[in-house]
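Comments concern the structure below.
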Amino acid sequence: MAEAVLSAHGLCKSFGAVQATHDVSIDVRPGEIHAVIGPNGAGKSTLIAQLCGSMASDAGRVELLGRDVTHDTVRRRAQAGLARTFQISALAMEDTVLQNAMLGALGAAGRPWRFLRPALGDQDLRDRAEAALERVGLQDVRAARVAALSHGQRRQLEVALALTLSPKAFIMDEPMAGLGGEGSKLLTDLLSALRADAPILLVEHDMDAVFTLADRISVLVYGQIIETGTVDQIRRSPAVRDAYLGEGA
Amino acid sequence: MIPERWLNLGILAALVAVPIWALVVDEPFIITLVTRAVIFALAAVGLNIALGLGGLVSLGHAVFFGIGGYAMGILAYHAQTFTPLAEWPFPIDGTKSMPVIWLVAVTTSTLAALLIGLLSLRTSGVYFIMITLAFGQMFYYFSISWAQYGGEDGLSIYVRNGFPGLNTLDPIQFFAICFALLCAVLGFNALLARSPFGLALNAARQVPHRVETMGLSPFRLKLVAFVISGAVTGLAGALFADLNRFVSPTMFSWQMSGEIIIFVILGGVARLIGPVIGAAAFVLLEHWLGGLSDYWHIYLGAILLGVVLFARGGIVGLVARAHG
């Protein structure tokens, strides 16, 4: 079995008496999409925050490419190759699509401390940003302001920003949120292709997308993973049907 | 609506034309008035780097304005009284040289901005406003109690400081120095806004959590912006003290900080020429309305209300199209 790119071991997080995550262990292996599903309040957002470093864990360990990053900041984890997308698009709305994409390229190149040369004149950054935009199909709107984009295009741009980091692993927080059938299909195809670049930990409520994309699925309920397996295993699991999917799955 | 670039050039041309006209018709007071506007503009351009690009509403920028002023005042005071500034660990004399004074003003403002920024940028929103205000008040009350340099009465300098090759006592030549510095800082600001740093800072203002996930530190970006901003405002403070040949604790007052914010908001936040227009409009209103009534701030308040309510982009936003 290939060594995990991103892994968590025994993650716990409590808010007062509420245990948001309890002894959660999960990993993402090269070339795979590992989906995390579960009902609202199951602890998915907390798990993402713990993996990305925006929330400190009470216990447990996070490793990226075998290196312990548990105590690293969000920024350091990003520099180490952990890219994420947000459930609610977090984009610089006043800026253009290209400027947003260049932000990721800037972070990846680690050179924001240039004060006098125009950012758009840096061909290396620009190439990296434009390549990401082309990959997600936004090259034709690169000069448009993000505020003028459709919701679906903003979701695509979220993915482009993550791509510019040339990541070792993606964490995608409900990338299909708010998308219609066509938008969801477009993003599903995009994510399916992206797994060759880096494995994806996918948190998603759109079960069609999950069942289409996921190589493995973990089911999180009340802060605990109750089952991990392939799509078929999860579909057939009585515990998962009981806790989340229902009999129609 | 006109392209913003044309407006920028037009305003700068007007700032040159008015003093030249005043020189021709022998109205030195008007030259001094425009010089005052240019210096205020420089202070506001400094604040606009933090406020416009970085979204940092600092109510303590008078700290840097005052530090620049006192840097000039103290150095010139020791030079005119022939007393050493310090004797240990080695003798340091005062100076009447503007470039040296500017260097000291910018260096001390930079250090102050670094220290204040390191502490205040750990907060945000209204807490950031309050902590910068608190720093301003600290410096204000310290200067009042600093009897060695005039305390509450301030410090007078008899002769304006010198600049190699120029007669700084000639209003038009002192104006030229201030205007050249304003143009240099505006040029720097324009480059900064388009640079990788400006791009990252602009994003850090809008979506700091996103910037962090891109491997960048919003804190460091904002700190550097705050420091640059403080340094520019400090330079303006040194020029303002030289213009008046006087420095006093009012340069540190929260009213001064408020006025610098007003210049930026009136002209247009994050617009290159906005602070220049705001400062010029303020000085004009101060002069004309101040001649009509002691309560001219009432009219200023009404105008500011109008701008905030109906022209969110300030005067520039009303007349110019961005990115023209």
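Just so we're on the same page: letters track the sequence lines, and every chain starts at 1. Since we're looking at a predicted model, the values are computed, not measured.
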Max heavy-atom pairs within cutoff under 4.5 Å with chain B, candidates A/G53, A/G121, A/A92, goes to A/A92

Among B/N202, B/L192, B/T213, single out the residue with the greatest number of heavy-atom pairs under 4.5 Å to chain A. B/T213

Please determine whether salt bridge (charged side-chain N to carboxylate O under 4.0 Å, His left out) holds for the pair A/R142 and A/E130, giving the CA-CA distance in whole Å, both sets of side-chain angles, and the decisive distance to 0.1 Å. CA-CA 8 Å; A/R142 59 178 177 270; A/E130 296 212 1; 3.7 Å; yes

Under a 3.5 Å cutoff, is there a donor and acceptor pairing between the side chains of B/S217 and B/E212? no

Check whether any side-chain heavy atom of B/L7 lies under 4.5 Å from a side-chain heavy atom of B/I273, and answer yes or no. yes

Heavy-atom count around B/Y127 OH within 6.0 Å, excluding the residue itself: above 12? no

Mind ranking A/L125, A/L161, A/L165 by heavy-atom pairs under 4.5 Å with chain B and telling me who comes out on top? A/L161

Mutual orientation of the aromatic rings belonging to B/F163 and B/W102 [parallel < 30°, tilted 30-60°, perpendicular > 60°]: tilted

Most heavy-atom pairs under 4.5 angstrom with chain A, which of B/L201, B/L191, B/L216, B/V224? B/L216

Contact class of B/R220 relative to chain A, heavy atoms under 4.5 angstrom: both

If you count heavy-atom pairs within less than 4.5 Å of chain B, which of A/A90, A/P167, A/A80 leads? A/A90

Taking NZ, NE, NH1 and NH2 as the nitrogens, is one of them in A/E63 or A/R61 under 4.0 Å from a carboxylate oxygen of the other? yes

Which of parallel (below 30°), tilted (30 to 60°) and perpendicular (above 60°) describes A/F115 and B/F197? tilted

Does the side chain of A/N40 pick up a donor-acceptor pair with the side chain of A/H205 at under 3.5 Å? yes

Check whether A/R111 gets within reach of chain B through its side chain, its backbone, both or neither, counting any heavy atom under 4.5 Å. backbone

Heaviest contributor of heavy-atom pairs below 4.5 Å to chain B, chosen from A/E158, A/E94, A/Q99, A/R76, is A/E94

Relative to chain B, which segment of A/R84 carries a heavy atom at a distance below 4.5 Å: side chain, backbone, both, or neither? both

Comparing A/L120, A/D122, A/L82, A/L91 against chain B, the one with the most heavy-atom pairs below 4.5 Å turns out to be A/L91

Could you look at A/A108 and say if it's the side chain, the backbone, both or neither that has a heavy atom under 4.5 Å from chain B? backbone

Heavy-atom pairs under 4.5 Å with chain A, option from B/A193, B/A203, B/G215 with the top count: B/G215

